[in-house]
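Working notes, beginning with the structure itself.
All values reported here derive from a predicted model rather than from experimental measurement. Sequential numbering from 1 along the given sequence is applied to the chain's residues.
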Amino acid sequence: MKRTVEYRDLLDFHFLAATAFSPDGGRIAYKVSRANVETNGYNTDIWLYDLAGNENRRLTSGGDVDFFCWGHDGQKIVFASKPEGPKCSHAQNPCVTRFYTLTAADGEPELLFEIPHKATAIQALDADRYLITTVFEAIPPKNPEGANFMVFDQIPFMANGKGYVGQNRTGLGLFDAAKKEFKRLTSPTLDVSCVTLNKERNAALLVAADYTDVKPLNNGVYRLDLASGKCVPLSSGLDVTFSCAIWDEAQEPLPEEEDILVTATDNQTQGVNENPAVYLLENGELICLTAPDVSLGHAIVADTSYGCTDREGAITSSPLGPVCCATQGFKTRLCAIRRDGTLGVLTSAISSVIDYAVHGERIAFVAYQDLHLPELFLFEKGTEHRLTAFNDSFHEEHSLSQPIHITFRASGGLTLDGWYMRPVGYREGDRCPTILNIHGGPKASFGDIYHHEMQCWAAKGYAVVYCNPRGSDGRGGEFADIRGVYGETDYRDIMDFTDWCVQNLNFIDASRLGVTGGSYGGFMTNWIITHTNRFRAAVSQRGIANWISKYGSCDIGYYYVEDQHLGTPWKNPDRPWRDSPVAYANSASTPTLFVHSAEDYRCELDQGFQMFTALRVNGVEASMCVFRGENHELSRSGKPRNRLARLRVIAEWFDSKL
């Protein structure tokens, strides 16, 4: 007999990520992570899938893999150990990265080398040399007193998930194993966000920002010669934001000149959330190849993926055409950019692709399919098929609530997407407490995939409803653009959806409605409780209360607030203040739980305390739950015990009020 979902089922999930083909394309290495409640972390190992023999096996067993690459000849794999891993004598010094090697056939990991910096990626150039993406720390200030302090003179000075970054830069270094030498290749002012090697592995294309004061929104493309170390700017004078740069090496025959493809936007039409176009970068000029007006990346929100590669704005060279991950509607699929500039969908049967790697016309990818947790898939010869079944037993052993997709007409005239989930074990005629869930972003989207916290609510007897209002991803830039109208069009859409649910779903008890959301969803929860009293309880997670104070106290505030809310603390301050829920806190009456993380530098802790204080001062029941040692990613990649506690605390609040 199947059982209902529980919070602790999270501990049984296998999280797949970071696919990488062997140089000959015959094997796929990838990471598998599992939550470990005993160590309060995640055990991550490398697995290997042999396509010729359809054999899947575990390659490492220490649970301490951070990231990895194939050796240049495909005979070995090189991986970095996590700083907190059992092999690491440098656990107390996070600014050291230790690399190990093992053969892809068999064998135990052996120490290869270490570097005195935190590293985030590695690529093999040949038998001895490795290109390493590295965080280079700023020179510390003078400190003859031996005091404990920091000095900042650049912006941003902090980053979510990284802490106080000061004047640090992400750059490239070259390690030569034969010489046992590590050399920095990029300049001290260059901050690198994307690296692409050419086929010969003697040059790399970089997307990077060069600054000494305030990091600009726009950046540039550079060509780095790995032999000489010469770094040449290729986009001087172009006032755009680049996401990715690649060589179009899939053309046959290869062109005499290097064709460089980039994804970029000038942010002029829809601001910082504008969808990128694909360009040919030639002689310092951009020639538009296609502007499909889709989000390049996986924008479907989920809480059961971990360790995935950042693919936002990425394209990859392939004989199929440049391959990308694109969010269209409420699905994220792999697509190839055709010669006529259109997007050809490759993975039509998939709900949401979250990671992928390309080798020729093969694509290895990790994806959700309906309510199944992410697994490894292969696209080949026009079809996709699943290779692994790590999480099948969970699906087979549990009763799940199937999200039902509906469309509704909002007051603005648009037809929008929404979903409802009946409680597990629902009996016809029952009237159920209902939770309205609001996604973050706002440029993100809900889909019909497995979402652990919503399945937990359904298992406890709640109906769950959620929608994609204006501001969401998947329907083009104009739909996603709510600059200057936060709390207006999006709020009306969500209230229209709530009205539709109450009027059309006879199992909803309209007197027992709860509302919750995280990040932008936390902002909207704050907005809702200060503009209506129709909800009996609310849980605002990592939300936003005050756009004025957010300008200078989070990692993106210095550009995001003005872009989205059309003002700063000194220029048109009435605009961001008008969009601030705390400005209307004297109208709130809904009992509200605020959930925040102490090290959240995206939606900073102060935002939660501002709303909590405002409600308490105005006599409204409120509680504030702060998770130490966590950041903005608590619900997705936080420490296992904290993730379990978060699920419990939220459910208990709704249980007590609804």
Within this structure, what is the [atom1]-[atom2] distance for the pair [X] and [Y], rounded to the nearest 0.5 Å?
{"X": "R129", "Y": "K183", "atom1": "CZ", "atom2": "NZ", "value": "9.0 Å"}
{"X": "H298", "Y": "T309", "atom1": "NE2", "atom2": "OG1", "value": "8.5 Å"}
{"X": "N219", "Y": "S235", "atom1": "CG", "atom2": "OG", "value": "7.5 Å"}
{"X": "H372", "Y": "L400", "atom1": "NE2", "atom2": "CG", "value": "9.0 Å"}
{"X": "I115", "Y": "E181", "atom1": "CD1", "atom2": "CD", "value": "13.0 Å"}
{"X": "L334", "Y": "R311", "atom1": "CG", "atom2": "CZ", "value": "10.0 Å"}

Practice prompt. Please step through side chain to side chain contact (heavy atoms under 4.5 Å, CB included) for the pair I350 and F365, ending with a clear verdict.
Written response: CA-CA 11 Å; I350 296 299; F365 62 96; 3.9 Å; yes
Between [X] and [Y], is the gap from one ring center to the other below 6.0 Å?
{"X": "H398", "Y": "F394", "answer": "yes"}
{"X": "W70", "Y": "F79", "answer": "no"}
{"X": "F379", "Y": "H385", "answer": "no"}

Fill in: CA sep, side-chain torsions, deciding dist, call: Q270, N275, side chain to side chain contact (heavy atoms under 4.5 Å, CB included)
CA-CA 8 Å; Q270 281 111 23; N275 289 325; 5.9 Å; no
[Y] and [X] side chains, donor-acceptor separation under 3.5 Å:
{"X": "T19", "Y": "D355", "answer": "no"}
{"X": "T265", "Y": "T241", "answer": "no"}
{"X": "S295", "Y": "D473", "answer": "yes"}
{"X": "H439", "Y": "S472", "answer": "yes"}
{"X": "N56", "Y": "Y30", "answer": "yes"}
{"X": "N43", "Y": "K82", "answer": "no"}
{"X": "Y100", "Y": "T60", "answer": "no"}
{"X": "H452", "Y": "D9", "answer": "no"}
{"X": "N198", "Y": "N202", "answer": "yes"}
{"X": "E375", "Y": "T388", "answer": "yes"}

Worksheet entry | Name of the residue among T263, V262, V358 meeting side chain to side chain contact (heavy atoms under 4.5 Å, CB included) with I315 | T263
At their closest point, which heavy atom of [X] faces which heavy atom of [Y], and how far apart are they?
{"X": "L51", "Y": "G25", "answer": "CD1-O, 3.7 Å"}
{"X": "Y42", "Y": "P640", "answer": "CE1-CD, 4.0 Å"}
{"X": "F479", "Y": "N468", "answer": "CZ-O, 3.9 Å"}

Worksheet item: Please walk me through it: do L206 and V221 pass side chain to side chain contact (heavy atoms under 4.5 Å, CB included)?
Response: CA-CA 6 Å; L206 315 182; V221 177; over 6 Å; no
Would the number of heavy atoms belonging to other residues, nucleotides or ligands and lying under 6.0 Å from [atom1] of [X] be above 12?
{"X": "E285", "atom1": "CD", "answer": "no"}
{"X": "D239", "atom1": "CG", "answer": "no"}
{"X": "E312", "atom1": "CD", "answer": "no"}
{"X": "D340", "atom1": "CG", "answer": "yes"}

Can you tell whether the side chains of [X] and [Y] come within less than 4.0 Å, N to carboxylate O?
{"X": "R58", "Y": "D45", "answer": "yes"}
{"X": "D50", "Y": "R57", "answer": "no"}
{"X": "K31", "Y": "D66", "answer": "no"}
{"X": "D126", "Y": "R201", "answer": "no"}

Item to complete: Output, in order, the C-alpha distance, side-chain angles, deciding distance and verdict of ring pair (Phe, Tyr, Trp, His ring centres under 6.0 Å) for Y450 and H395.
Response: CA-CA 10 Å; Y450 182 89; H395 195 272; 8.6 Å; no
Heavy-atom donor-acceptor pair, [X] side chain to [Y] backbone, under 3.5 Å:
{"X": "R333", "Y": "S348", "answer": "yes"}
{"X": "T290", "Y": "G341", "answer": "yes"}
{"X": "T97", "Y": "H117", "answer": "yes"}
{"X": "R643", "Y": "R636", "answer": "yes"}
{"X": "R169", "Y": "D210", "answer": "no"}
{"X": "S393", "Y": "N391", "answer": "no"}
{"X": "K639", "Y": "L634", "answer": "no"}
{"X": "T383", "Y": "E380", "answer": "yes"}
{"X": "T196", "Y": "C244", "answer": "no"}
{"X": "T186", "Y": "L172", "answer": "yes"}

Worksheet, complete the sentence: Exactly one candidate in F182, F68, F99, F113 meets ring-ring contact (aromatic ring centres under 6.0 Å, His included) with Y130; the answer is F113
Discussion item. Among N160, D555, N631, exactly one meets side chain to side chain donor-acceptor pair (under 3.5 Å) together with R602. Which residue is that?
Written reply: D555
Item to complete: State whether F136 and R184 meet the cation-pi test: NZ (Lys) or CZ (Arg) under 6.0 Å from the six-membered ring centroid, and within 45° of the perpendicular axis.
Response: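 Ring-cation test returns yes.
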Practice prompt. Decide whether a cation-pi geometry holds between R34 and Y306; the criteria are a distance under 6.0 Å from NZ or CZ to the six-membered ring centre and an angle within 45° of the ring axis.
Written response: no
Worksheet item: Going through the checks in order, is the side-chain hydrogen bond (donor to acceptor under 3.5 Å, both in side chains) test met by H632 and S519?
Response: CA-CA 8 Å; H632 199 64; S519 194; 3.0 Å; yes
Discussion item. Between T332 and C325, does the side chain to side chain contact (heavy atoms under 4.5 Å, CB included) criterion hold? Intermediate values first, please.
Written reply: CA-CA 7 Å; T332 296; C325 192; 3.2 Å; yes
